[in-house]
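Below you'll find the structure, written out as structure tokens, and then a few comments.
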Amino acid sequence: MSDCIFCRIAKQEIPATVVYEDESVIAFKDLSPQAPVHILIIPKKHVASLMEVRAEDSQTLAHIMGEVVPKLANEQQLSAGFRVVINTGEEGGQTVNHLHFHLLGGRSMQWPPG
Ligand code: AMP
Ligand code: ZN
């Protein structure tokens, strides 16, 4: 989608600090980090939210959770632990309508989240 900020980052039309990229996925540093490590991992394909995921997307999502997250967690030295968050919809706190996984680490996380 041409008016989607994360689609534009995926196409490198607007700048971001990219920490990982492959055919289907790109990961970049969050502009407003909420922890010492705060990376956003997105499918390059525009999927508006977790509610819009279709069966054809499952391979990409498994790739993110099964390969990209552990790779980045290792690279970012998060062996003490980390959190992956997918805010979904208005009450879920989603502000950018392109599916993204927050990878947060480098400090102790609190529970319950706000
Ligand atoms: P959410 O509130 O879960 O939709 O998360 C959106 C995230 O995108 C927030 O943490 C923002 O700080 C982050 N964000 C928004 N615009 C950019 C951008 N241009 N580059 C990097 N991160 C961004
Ligand atoms: Zn998009």
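Just follow the structure's listing: the first ligand is 1, and inside any ligand the first atom is 1.
Between Phe6 and Leu99, the closest side-chain pair of non-hydrogen atoms is not below 4.5 Å. Between Phe82 and Leu103 the shortest side-chain heavy-atom distance falls below 4.5 Å. Put simply, the side chain of Glu67 does not reach to within 4.5 Å of the side chain of Val25, judged on heavy atoms.
In terms of heavy atoms, Met109 sits closest to Ala35 at CE-CB, 4.2 Å.
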Check ligand 1 for N or O atoms under 3.5 Å from a protein N or O and list each pair with its distance.
from, atom 1, to, atom 2, distance (Å)
ligand 1, 2 (O), Gly93, O, 3.1
ligand 1, 2 (O), Thr95, N, 3.4
ligand 1, 2 (O), Thr95, OG1, 2.8
ligand 1, 3 (O), Asn87, ND2, 2.8
ligand 1, 3 (O), His100, NE2, 2.9
ligand 1, 3 (O), His102, NE2, 2.8
ligand 1, 4 (O), Thr95, N, 2.7
ligand 1, 4 (O), Thr95, OG1, 3.2
ligand 1, 4 (O), Val96, N, 3.0
ligand 1, 4 (O), His100, NE2, 2.9
ligand 1, 5 (O), His100, NE2, 3.0
ligand 1, 5 (O), His102, NE2, 3.3
ligand 1, 10 (O), Asp30, OD1, 3.2
ligand 1, 10 (O), Asp30, OD2, 2.5
ligand 1, 12 (O), Asp30, OD1, 2.5
ligand 1, 22 (N), Leu31, N, 3.1

Let's go through Trp111 and Arg83 carefully: what are the C-alpha distance in whole Å and the side-chain angles of both, what is the deciding distance for side-chain contact (heavy atoms from CB on, under 4.5 Å) to 0.1 Å, and is it a yes or a no? CA-CA 11 Å; Trp111 195 265; Arg83 186 171 290 175; 3.7 Å; yes
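Atom CE of Met1 has more than 12 heavy atoms from other residues, nucleotides or ligands within 6.0 Å. Within a 6.0 Å sphere centred on NZ of Lys45, other residues, nucleotides and ligands contribute more than 12 heavy atoms. The number of heavy atoms from other shown groups lying within 6.0 Å of NZ (Lys29) does not exceed 12. For Glu23, the CD atom sits in a loose shell: 12 or fewer heavy atoms of surrounding residues, nucleotides or ligands are nearer than 6.0 Å.
Atoms of the protein (N, O or S only) found under 2.8 Å from the Zn ion (ligand 2) are Cys4 SG, Cys7 SG, His46 ND1, His98 ND1.
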